[in-house]
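Since the structure is predicted, the reported quantities are computational estimates derived from the model, not experimental observations. Throughout, a chain's letter reflects where its sequence line sits, starting with A, and its residues are numbered from 1.
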Number of protein chains: 2
Amino acid sequence: MTTEETALSIGKVSALTGLTTHTLRFYEQEGLFAAPVRRNAAGRRVFTQEEVEWLRVCTKLRSSGMPLPEIRRYADLAREGPGNEAERFEILRRHEARVQQQVADLQEALGIIHTKVEIYAQHLTAGTADQLWRDGPECGPAADAG
Amino acid sequence: MTTEETALSIGKVSALTGLTTHTLRFYEQEGLFAAPVRRNAAGRRVFTQEEVEWLRVCTKLRSSGMPLPEIRRYADLAREGPGNEAERFEILRRHEARVQQQVADLQEALGIIHTKVEIYAQHLTAGTADQLWRDGPECGPAADAG
DNA sequence: GGTTGACTTCAAGTCGACTCGAACTCCTAG
DNA sequence: CTAGGAGTTCGAGTCGACTTGAAGTCAACC
C-alpha cells in the first residue's frame, strides 16, 4: 500500500476519518496540515492517504486534550522540515505527561465514585438505603459512613 | 469531628474547596446543593461542614466529566429524601462506566503518543531524526515506520 | 437544460461551565 | 462616622472547538 498517488475528495476523507467536511476545512484553515492541501483544476481539495493517517493521529491528540494551537505548532515544525525534531519531541513528551496526569486524576475520581457505588449497592441489597445522607454527603473523602 | 454546627461563610468555603465565591453562588443557583443554602440575619449564605464535604464530591464528579444537570438531578433526589436510592445508584453507576470508558480512551491515545515519543527518542539519539515524516505522518495507527 | 448534490467561501451561532463587572448593602475597626 | 472589605443580585462576557447557515460555483445525470 503506497501512499503516493491516492487522490481523495473531502467527502471520502470525511467518511474515512469521521470528521465532517466542515471540520476538515476548519482544520485546514487552522493550519493543522503539515503540507498545504492541494487543489484540483476546479479548485477542490485533493487529499492523500498520508493526510488521512495524519488526521487519525490528530483525532487522538485532540481526544486526549491537546489544544489545536499545539497541534498547529507541531504541524508547522513538520512543514519546516528536518532540524527541529527536538522540539517536536518535546511537544509530544509534554502531552504524554499531561495525558498520564489526566488518567491519574480520573482514576482518583473513579475511586471515590466506586466507593459510593459500593455503598449504595450494599444498602440497597440490605434494604437500609434510607440511612444514606443521614450524616454526610453519602461518603465524603475521608468518611466511611454512607 | 461532628459536622453539626460549623457555620462557614462563603469566603471560608471558597478557601476550603478551591471554588470561587462566584462559582459557589452559581452552583447554588444551579440547584447543586441537596438542601437549600441557609442565610443569616443579614441575608448572607451560611454553609456547614457537610456541605463542604458534598462540594468536594461534586468537584470530583465535575472533574471526571459529570455534567451539572446530572449532579443537580442527584442533588434533587437526595433533597427529596429516602425512597429514590435506586435512581441515585443508577446515576452513579452510569457515571462510573463513563469514566472507565474515558480512561480506556485516554490509554489508547497514550499508546499512540508513546509510540511516537519512542520513535523520536530513538531517532534523536541515533542522529537519524531527519528521516521522520518521510513516508508518513511519523507513524500512523498501523504504521511502524517513523 | 434543469436539477441535484458535492463542493466553495465567509460569517455567525452554539454549548457548557464558569468568570467577570457593575451597582448596591451591610458589618466591623479605627 | 467613615473607610474597607466581604457580602448581595443580576446580567453580560469568555473560551475552545466546532457547527450551522447563506450564497454561490461546478460537474454530472436524466
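With salt bridges taken as basic N to acidic carboxylate O contacts below 4.0 Å, one links B/Arg88 and B/Glu85. In this structure, B/Arg93 does not pair ionically with B/Glu96, as no charged nitrogen and carboxylate oxygen lie closer than 4.0 Å. A salt bridge does not link A/Glu70 with A/Arg73: every distance from a Lys NZ or Arg NE/NH1/NH2 to an Asp or Glu carboxylate oxygen is 4.0 Å or more. Between B/Glu30 and B/Arg62, none of the side-chain N atoms (NZ, or NE/NH1/NH2) sits under 4.0 Å from a carboxylate O, so this pair counts as no salt bridge. Salt bridge A/Glu87/A/Arg94: absent, no basic N to carboxylate O contact under 4.0 Å.
With values rounded to the nearest 0.5 angstrom, B/Tyr27 atom OH is found 8.5 Å from B/Leu24 atom CG.
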Pairs under 3.5 Å (N/O, protein and nucleotides 17-19 of chain C):
residue: C/dA17; atom: OP1; partner: B/Arg62; partner atom: NH1; Å: 3.4
residue: C/dA17; atom: OP2; partner: B/Leu68; partner atom: N; Å: 3.4
residue: C/dC18; atom: OP2; partner: B/Tyr27; partner atom: OH; Å: 2.8
residue: C/dC18; atom: OP2; partner: B/Arg62; partner atom: NE; Å: 3.0

N/O contacts under 3.5 Å, protein versus nucleotides 26-30 of chain C?
residue: C/dC26; atom: O2; partner: B/Arg44; partner atom: NH2; Å: 3.4

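With rounding to whole Å, A/Leu61 atom CG is found 12 Å from D/dA17 atom P. Taking atom CD of B/Gln29 as the reference point, atom C1' of D/dG11 lies 10 Å away to the nearest angstrom. Distance B/Asn40 CG to C/dT25 P: 17 Å, rounded to the nearest Å. The separation between A/Glu70 atom CD and D/dA17 atom P is 10 Å, rounded to whole Å. Regarding B/Arg25, its CZ atom lies at a distance of 12 Å from the C1' atom of D/dC10, rounded to whole Å. The distance from atom CG of A/Leu55 to atom P of D/dC18 is 12 Å, rounded to the nearest whole Å. Rounding to whole angstrom units, CG of residue A/Leu32 and P of D/dA17 are separated by 10 Å. For the pair B/Ile10 CD1 and C/dT25 P, the interatomic distance rounds to 19 Å; values are reported in whole Å.
Aromatic ring orientation, B/Tyr74 versus A/Tyr120: perpendicular (interplanar angle above 60°, classes split at 30° and 60°).
B/Arg45 has a side-chain polar atom (N or O) that falls below the 4.0 Å cut-off from OP1 or OP2 of D/dT9. Taking only side-chain nitrogens and oxygens, A/Arg39 comes nearer than 4.0 Å to OP1 or OP2 of C/dT9. At C/dA6, none of the side-chain N or O atoms of A/Thr21 fall inside 4.0 Å of OP1 or OP2 (strictly under the cut-off).
Not one N or O on the side chain of A/Thr21 forms a donor-acceptor pair closer than 3.5 Å with the backbone of A/Ile10.
When each of B/Gln100, B/Gln107, B/Gln101 is tested with B/Val103 by the rule side chain to side chain contact (heavy atoms under 4.5 Å, CB included), just one qualifies, namely B/Gln107.
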